[in-house]
Amino acid sequence: MKKNSFLFSAKGILIAGFLSLNTVMYAQKTADLSTISEKTLSSILEKNRNYYTQGKVADYIPELGKMDAKAIAFSVVDKNGKVFSTGDIQKKFTMQSISKIIALMVAVNERGEANVFDKMGYFGSDKPFNHFSNLETMGKPLNPMMNAGAILTTSLISGEGEKPFLKVLDMVRYITKNPSIDYSKSVYESEKSTGHRNRGMFYIMKNSGLISGNEDQLDNYFKQCSIELTAEDLAKIGYFFANQCVRFDGDSQYKNADVAKLVESQMLTAGMYEFSGEYSRTVGLPSKSGVGGGITVSVPGKMGIGVFSPALDQHGNSLAGYHIILDLAKQYNLSIF
């Protein structure tokens, strides 16, 4: 018995020592975040600025093609809600697919996760964001991050006319604490007049009974994609989901750890489209991109990141934005893995 007691005691000391060492190492790892400054961000931005030359501004929506390919901005909101920004921080751009995570939150808050995901999947995809995927075979969108799933998500938000869109807009204004945020009428009209592929998805889902309304619901989707904001606004959105739906100033009106986990899991699984798997390996953070050139990033429990550079890679993700995020993640060991 004495021998066993000694072994158990020694084992306990070893485990305690191991846990203590891990705690110290983790503390050292997270303590590095206090060194983040605008100078740090500026250095990372300048290192990656010229990646725009290897990308292409989206022009399948004509109005988006007018964006300045050289524009670039980088913002971080740290654990304490302090904002650090550099680059073209006043430059506005449209959310595009980043709006999908806000619409998902609004729909789930209203209907519950089970009701929303009864109509679509949690799957990732190896296809582009505007692919029809399995709509014609299985009838349901793969996930709420691809266009088909996002169109369906917005249609599930209650209200007549543009009320569902206004709920998404109001949520964006709340999260960013920026009541001046609005949508671009010119981008909306451009998307509406050229969005025939999205219109096709809408009618396939209407044909299968997933959508019962009219094209007002599709217009709401076009409008939410046309919401204009800045890189700093995106960093605040990233912070919101990284901190259980608590706003950067501590406002906890919508605090919900479960909804935050749902949104972040979708960002990690499908937020960067068919590049999501490789992005999870290299960056390892829940992120959502938009063809307007923005990417919002959630570092769970730590910070929000927002980047903007409209020149895109072949997947529809900001090329310079990706490299900025990658460098920050490596420098501060931010990956969740």
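- Shortest non-hydrogen contact noted between Ser298 and Ala242 is OG-N, 3.7 Å.
- Of the N and O atoms on the side chains of Asp233 and Thr230, at least one donor lies less than 3.5 Å from an acceptor on the other residue.
- Ser42 and Lys39 share no donor-acceptor pair across their side chains, judged by distance under 3.5 Å alone.
- Side-chain polar atoms of Lys79 and Asn243 form a donor-acceptor pair below 3.5 angstrom.
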Q) Would Lys302 and Tyr239 satisfy side chain to side chain donor-acceptor pair (under 3.5 Å), going step by step from the backbone distance to the final call? A) CA-CA 8 Å; Lys302 295 179 184 176; Tyr239 177 97; over 6 Å; no
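- Counting only heavy atoms from C-beta outward, the side chains of Leu268 and Ile336 approach each other to under 4.5 Å.
- Stacking of Lys192 on the aromatic ring of Phe222 is not recorded, the 6.0 Å distance cut-off and the 45° axial limit not both being met.
- Aromatic ring centroids of Phe248 and Phe240 lie 6.0 Å or more apart.
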Q.
Determine whether Asp170 and Arg173 satisfy the following criterion, salt bridge (Lys or Arg N to Asp or Glu O under 4.0 Å), listing intermediate values before the conclusion.
A. CA-CA 5 Å; Asp170 286 343; Arg173 288 172 172 171; 3.7 Å; yes
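- Residues Glu264 and Pro300 come closest through the heavy atom pair OE2-CG, 3.5 Å.
- For the pair Leu104/Phe117, a side-chain contact is recorded, criterion being any heavy-atom separation below 4.5 Å from C-beta on.
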**Q.** salt bridge (Lys or Arg N to Asp or Glu O under 4.0 Å) assessment of Glu46 paired with Arg49
**A.** CA-CA 5 Å; Glu46 292 304 328; Arg49 179 187 289 276; 2.8 Å; yes
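- A donor-acceptor pair under 3.5 Å is formed between the side chain of Lys288 and the backbone N or O of Gly271.
- For the pair Ser226 and Glu191, the minimum side-chain heavy-atom distance is below 4.5 Å.
- Between Gln217 and Thr154, the side chains place no donor N or O within less than 3.5 Å of an acceptor N or O (distance only, hydrogens not considered).
- Contact check for Pro141 versus Met205: side-chain heavy atoms found under the 4.5 Å cut-off.
- Under a 3.5 Å cut-off, the side chain of Asp88 and the backbone N or O of Ala71 do not form any donor-acceptor pair.
- With Val263 as the fixed residue, the side chain to side chain contact (heavy atoms under 4.5 Å, CB included) test singles out one of Lys261, Met267, Gln266: Met267.
- Using a 3.5 Å distance cut-off with no hydrogens or angles, the side chains of Tyr51 and Ser309 do not pair a donor with an acceptor.
- Counting only heavy atoms from C-beta outward, the side chains of Ile227 and Thr94 never approach each other to under 4.5 Å.
- Ring-plane geometry between Phe275 and Tyr322 is classed as perpendicular, the angle between the planes exceeding 60 degrees on a 0 to 90 degree scale with a lower cut at 30.
- A donor-acceptor pair under 3.5 Å is absent between the side-chain atoms of Asp59 and the main chain of Pro62, judged by distance alone.
- For the pair Lys185 and Tyr183, the cation sits on the ring face: its NZ or CZ lies under 6.0 Å from the ring centre, inside 45° of the axis.
- With hydrophobic clusters built from ILVMFWY side chains whose heavy atoms lie under 4.5 angstrom apart, Ile89 does not share a cluster with Met303.
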Q: Begin from the C-alpha positions of Asn178 and Lys236 and carry the test side chain to side chain donor-acceptor pair (under 3.5 Å) through to its verdict.
A: CA-CA 10 Å; Asn178 186 352; Lys236 291 174 180 177; over 6 Å; no
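- For the 3.5 Å distance criterion, the side chains of Asp327 and Asn48 qualify, holding a donor opposite an acceptor.
- Between Glu215 and Tyr203, the side chains place a donor N or O and an acceptor N or O closer than 3.5 Å (distance only, hydrogens not considered).
- Under the 3.5 Å distance criterion, the side-chain polar atoms of Asn50 are left unmatched by any main-chain donor or acceptor of Thr53.
- Residues Val259 and Glu113 have side chains not in contact (no heavy-atom distance under 4.5 Å, counting atoms from C-beta outward).
- For the pair Arg247 and Tyr174, the cation sits on the ring face: its NZ or CZ lies under 6.0 Å from the ring centre, inside 45° of the axis.
- Panel note: side chain Ser190, backbone Ser186; no donor-acceptor pair is recorded below 3.5 Å.
- The neighbour count for Glu160 CD, taken as heavy atoms of other residues, nucleotides or ligands under 6.0 Å away, does not exceed 12.
- Counting only distance, with no hydrogens or angles, the side chain of Thr296 and the backbone of Leu234 share a donor-acceptor pair below 3.5 Å.
- Residue Lys206 qualifies as enclosed at atom NZ: its count of foreign heavy atoms under 6.0 Å is above 12.
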Q.
Apply side chain to side chain donor-acceptor pair (under 3.5 Å) to residues Thr194 and Tyr60 and explain how you reach the verdict.
A. CA-CA 8 Å; Thr194 59; Tyr60 69 95; over 6 Å; no
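- In this structure, the side chains of Met145 and Ile101 come closer than 4.5 Å at one or more pairs of heavy atoms.
- Donor-acceptor pairing under 3.5 Å is lacking for the side chains of Thr40 and Ser43.
- Asn80 places no side-chain N or O within donor-acceptor distance of the main-chain N or O of Lys82, the cut-off being under 3.5 Å.
- Side chain of Lys167 to main chain of Ser158: a donor-acceptor pair is present (N/O by atom type, distance under 3.5 Å, no hydrogens or angles).
- Within the 4.5 Å cutoff, the side chain of Asp182 has heavy atoms near those of the Leu169 side chain.
- Counted by atom type alone, Ser99 and Tyr221 present zero donor-acceptor pairs between their side chains at under 3.5 Å.
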